[in-house]
Structures are given as C-alpha cells and as structure tokens.
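Each remark here refers to the structure printed beneath this line.
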Amino acid sequence: MTNSSPSPRRWIGRSALYDLLRTRRLASLTIGRARRIPAHALDDYVQLHLEEAAR
C-alpha cells in the first residue's frame, strides 16, 4: 500500500501519515525510491491505539 493509493484504509491525512513515518510510529519500508506501508502495519497501529484508549 502506498501513501497515495486510494483505499478504505485511507483514514488519515497525508501530513499525519508523513509525521507517523518520520517518527517511526508507523512501520514502513523503502523499495528503490518508493516508501511502502504494509497493511499489517496499519492494523497494528490502530490496534495499539484501541488498546491505549481502553485503559
């Protein structure tokens, strides 16, 4: 999944996404010049915030 691809997972703005990538709170990898975000990384990030909100 790229940060510009249309997807139902597109629940976050571009600036916030870049901030999460910059601060390494969202896992990603670089292939050539492209930054890729695995779908499981988004699921993990959401799950972490749901668990924190439940506390």
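Predicted model only: the values in this text are computed from it and were never measured.
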Exercise. Tell me, please, which residues at least two apart from A16 pass side chain to side chain contact (heavy atoms under 4.5 Å, CB included).
Key: I12
Would you give the length of the straight line joining atom [atom1] of [X] to atom [atom2] of [Y], rounded to the nearest 0.5 angstrom?
X   : Y   : atom1 : atom2 : value
L42 : Q47 : CG    : CD    : 13.0 Å
L21 : R35 : CG    : CZ    : 6.0 Å
L50 : Y45 : CG    : OH    : 11.0 Å

Quiz item: Is L48 linked to L26 within one hydrophobic cluster, defined over Ile, Leu, Val, Met, Phe, Trp and Tyr using a side-chain heavy-atom separation of less than 4.5 Å?
Solution: no
Quiz item: When clusters are formed by joining ILVMFWY residues with side-chain heavy atoms under 4.5 Å apart, either directly or through shared neighbours, do Y18 and I37 land in the same one?
Solution: yes
Practice problem: May I have all residue pairs that pass salt bridge (charged side-chain N to carboxylate O under 4.0 Å, His left out) and include part of residues 17-26, sequence neighbours excluded? | Solution: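 Counting only pairs at least two positions apart or across chains, the salt bridge (charged side-chain N to carboxylate O under 4.0 Å, His left out) contacts touching residues 17-26 are D19-R22, D19-R25.
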Quiz item: Which residue pairs satisfy the salt bridge (charged side-chain N to carboxylate O under 4.0 Å, His left out) criterion with at least one member in residues 46-55, sequence neighbours excluded?
Solution: none
Quiz item: With sequence neighbours excluded, what pairs up with R33 under the salt bridge (charged side-chain N to carboxylate O under 4.0 Å, His left out) test?
Solution: none
Exercise. Apply salt bridge (charged side-chain N to carboxylate O under 4.0 Å, His left out) to D44 and list each qualifying residue two or more places apart in sequence or on a separate chain.
Key: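 Applying salt bridge (charged side-chain N to carboxylate O under 4.0 Å, His left out) to D44 gives none.
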Practice problem: Starting from I31, walk the hydrophobic network (Ile, Leu, Val, Met, Phe, Trp, Tyr; side-chain heavy atoms closer than 4.5 Å) and list everyone else you reach, by chain and number. | Solution: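 Taking Ile, Leu, Val, Met, Phe, Trp and Tyr as members, I31 shares its hydrophobic cluster with L29.
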Quiz item: Where do A27 and A41 come nearest, in terms of heavy atoms and distance?
Solution: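 Heavy-atom minimum between the residues: O-CB, 3.6 Å.
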